[in-house]
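The structure appears below as structure tokens.
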2 protein chains.
Amino acid sequence: MSAPSVGQSERRSGALLEYLARRMRLRSESVLAPLGLRPRHLVALTVLRDAGGISQQALASTLQIDSTNVVGLLNDLEAAHLVERRRSPEDRRRHDVFLTETGASRLGEAECALASAEEEVLGALDPAERDQLYELLRRATSGAPANCAAAVTDEAELDASC
Amino acid sequence: MSAPSVGQSERRSGALLEYLARRMRLRSESVLAPLGLRPRHLVALTVLRDAGGISQQALASTLQIDSTNVVGLLNDLEAAHLVERRRSPEDRRRHDVFLTETGASRLGEAECALASAEEEVLGALDPAERDQLYELLRRATSGAPANCAAAVTDEAELDASC
DNA sequence: TATTGTTATACTCTATAACTATA
DNA sequence: TATAGTTATAGAGTATAACAATA
């Protein structure tokens, strides 16, 4: 490959995101393994740091994974004492999920260890561009994840436009 | 979740990328299904548009997937007449892989159809920011995918720095 | 009756090992 | 002997269906 540009004609970010995320995930795996974490554990911990105390359902919706799989994910993390399930006093069906102190510090270590993975995967970008990318990703992921239902209804119209 | 920021303390893009790519993949799936494509097919086609004629090994290395899985991937795409395997005249062990005209136009349709998925997933970004993101992703993914071996050796030092 | 969480299970994706053919 | 591609197969990851407890 001689300086290839993946996806030029329609300028869609989809394939590029998939491509870059895969590279990052592969490199992250080996860095996270010594900490007993997998990439999806990292994402879950990261979400819980900001949204601690949410229910498993809400967590599933935020992570966009099936709620049945949240069970296993939390079983892993709880067994490692990184998160805690507390039966909600308001609604006894619910479990509120919290990051433990151990979990918070483990997450910090993980993010620290990820420096080398980023170094490699984002090597083509200079520090300023990496900051820019981080900021854009942060803003994009901060966006309301709840607008899915509304957006789906517009789908047909959008498709016709191009 | 009240305007959460996923990953603030160490400012690592890893979890954000994984998170955003997953959202994009999930939305892409339903958009691509009518075209008989899956997200990983799209990535493969996108790479082949720019690097047509490469061997299956090289494709595996570029896509960062195991070469055994390239077989099945290409079987799918070849059955749909989107790519073509040609026995290399120089080295008869090798298959050179090419995007067909059908493949190129199907890829165009797919990218077009992905507009709605992007609209939804990148909804928090304005058009200028989306262009900026696209450009950063394009540059990051254009970087040499061959430097893995070299970079791995530096790993230990980098880890110690933070 | 609807919802939260759980289990069991099937399906997809991916990786490992052994094989064929060319070099 | 080494490399390109293939097959078979086991392991993760994910989704679907049925169930228990609570609302």
Side-chain angles (χ1 to χ4, degrees), chain A residues 15 18-19 21-30 32-33 36-44 48 51 53-79 83-98 148, chain B residues 15 18-19 21-30 32-33 36-44 48 51 53-79 83-98 148:
Chain A
E18 182 84 18
Y19 191 79
R22 159 164 269 267
R23 297 188 99 78
M24 186 69 85
R25 191 180 331 127
L26 287 171
R27 287 299 301 129
S28 299
E29 271 170 5
S30 55
L32 292 175
L37 295 175
R38 296 195 155 270
R40 76 204 145 92
H41 293 146
L42 182 76
V43 179
L48 283 173
I54 65 177
S55 71
Q56 297 188 190
Q57 286 282 348
L59 186 58
S61 151
T62 301
L63 292 173
Q64 300 242 285
I65 67 181
D66 197 278
S67 55
T68 59
N69 296 321
V70 172
V71 178
L73 185 62
L74 291 181
N75 287 348
D76 291 348
L77 295 174
E78 201 169 33
V83 306
E84 219 179 69
R85 282 190 257 223
R86 300 190 205 141
R87 186 66 77 174
S88 165
E90 295 159 14
D91 182 343
R92 289 184 40 73
R93 290 173 301 183
R94 223 164 54 200
H95 278 156
D96 294 332
V97 185
F98 292 90
C148 297
Chain B
E18 182 85 19
Y19 191 80
R22 160 164 267 268
R23 297 187 100 76
M24 187 68 84
R25 192 180 330 128
L26 287 172
R27 287 298 301 126
S28 301
E29 272 171 5
S30 55
L32 292 175
L37 294 175
R38 295 194 156 272
R40 77 205 144 93
H41 294 146
L42 182 77
V43 179
L48 283 173
I54 64 177
S55 70
Q56 298 187 189
Q57 286 281 348
L59 186 58
S61 151
T62 300
L63 293 174
Q64 300 244 285
I65 66 181
D66 197 277
S67 56
T68 60
N69 296 322
V70 172
V71 178
L73 186 61
L74 290 181
N75 286 349
D76 291 349
L77 295 174
E78 202 169 31
V83 306
E84 218 179 69
R85 283 190 256 222
R86 301 190 204 141
R87 185 68 74 175
S88 165
E90 296 159 13
D91 183 341
R92 290 183 40 73
R93 290 171 303 184
R94 223 164 52 200
H95 278 157
D96 294 332
V97 186
F98 292 89
C148 297

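Chain A is the first sequence line, chain B the second, and so forth, proteins listed ahead of strands; every chain is numbered from 1.
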(request) Return the value, rounded to whole Å, for the distance between atom CG of D76(B) and atom C1' of dC13(C). (result) 12 Å
(message) Using the rule given for side chain to side chain contact (heavy atoms under 4.5 Å, CB included), can you reason through L26(B) versus E29(B), listing the C-alpha separation, both sets of side-chain angles and the distance that settles it, and then say yes or no?
(response) CA-CA 5 Å; L26(B) 287 172; E29(B) 272 171 5; 4.2 Å; yes
(request) Report the distance from atom CZ of R92(A) to atom P of dA23(D), rounded to the nearest whole Å. (result) 6 Å
(message) I need a per-nucleotide contact map over nucleotides 1-10 of chain D, read 5' to 3'. Cutoff is protein heavy atoms under 4.0 Å; write B for the base, S for backbone only, - otherwise.
(response) -BBSSBB---
(request) Show your working on side chain to side chain contact (heavy atoms under 4.5 Å, CB included) between L59(A) and L73(A) and close with a plain yes or no. (result) CA-CA 11 Å; L59(A) 186 58; L73(A) 185 62; 5.6 Å; no
(message) Among dA12(D), dT14(C), dA15(D), which nucleotide has an atom closest to any side-chain atom of R38(A)?
(response) dA12(D)
(request) List for me each residue that meets side-chain contact (heavy atoms from CB on, under 4.5 Å) alongside R92(A), sequence neighbours excluded, and say none if there are none. (result) R87(A)
(request) Rounded to the nearest angstrom, tell me the gap between atom CD1 in I65(B) and atom C1' in dG13(D). (result) 17 Å
(request) Kindly compute the distance separating CG (D76(A)) from CZ (R40(A)), expressed to the nearest 0.5 Å. (result) 6.5 Å
(request) Check the side chains of R94(A) and Q57(A) for a donor-acceptor pair under 3.5 angstrom, ignoring hydrogens and angles. (result) no
(request) Output yes when a side-chain donor or acceptor of R25(A) lies under 3.5 Å from a complementary backbone atom of P39(A), and no otherwise. (result) no
(request) Mind calculating the distance between CZ (R86(A)) and C1' (dG5(C)) to the nearest angstrom? (result) 18 Å
(message) Please report the end-to-end axis angle for the helix from dT1(C)-dA23(D) to dA23(C)-dT1(D), five pairs per end, rounded to 10 degrees.
(response) 0°
(request) By nearest nucleotide on DNA chain D, pick out whichever of E29(B) and E90(A) is the more 5' one. (result) E29(B)
(message) For a side chain to side chain contact (heavy atoms under 4.5 Å, CB included) check, start with the C-alpha distance between L63(A) and R22(B), then their side-chain angles and the critical distance, and finish with the verdict.
(response) CA-CA 9 Å; L63(A) 292 173; R22(B) 160 164 267 268; 6.0 Å; no
(request) Nearest whole angstrom, please: distance from the P of dG13(D) to the CZ of R25(B). (result) 13 Å
(request) May I have the step-by-step check of side chain to side chain contact (heavy atoms under 4.5 Å, CB included) for T62(A) and Y19(B), ending in yes or no? (result) CA-CA 10 Å; T62(A) 301; Y19(B) 191 80; 3.2 Å; yes
(request) Using whole Å, report how far CG of L63(B) lies from P of dC13(C). (result) 15 Å
(request) Find the distance D66(B):CG to dA17(C):P and express it as a whole number of Å. (result) 11 Å
(request) Taking the side chain as every heavy atom from C-beta outward, state whether R85(A) and L77(A) have any pair of such atoms under 4.5 Å apart. (result) no
(request) Grab the CG-P distance between L26(B) and dC13(C) for me, whole Å please. (result) 13 Å
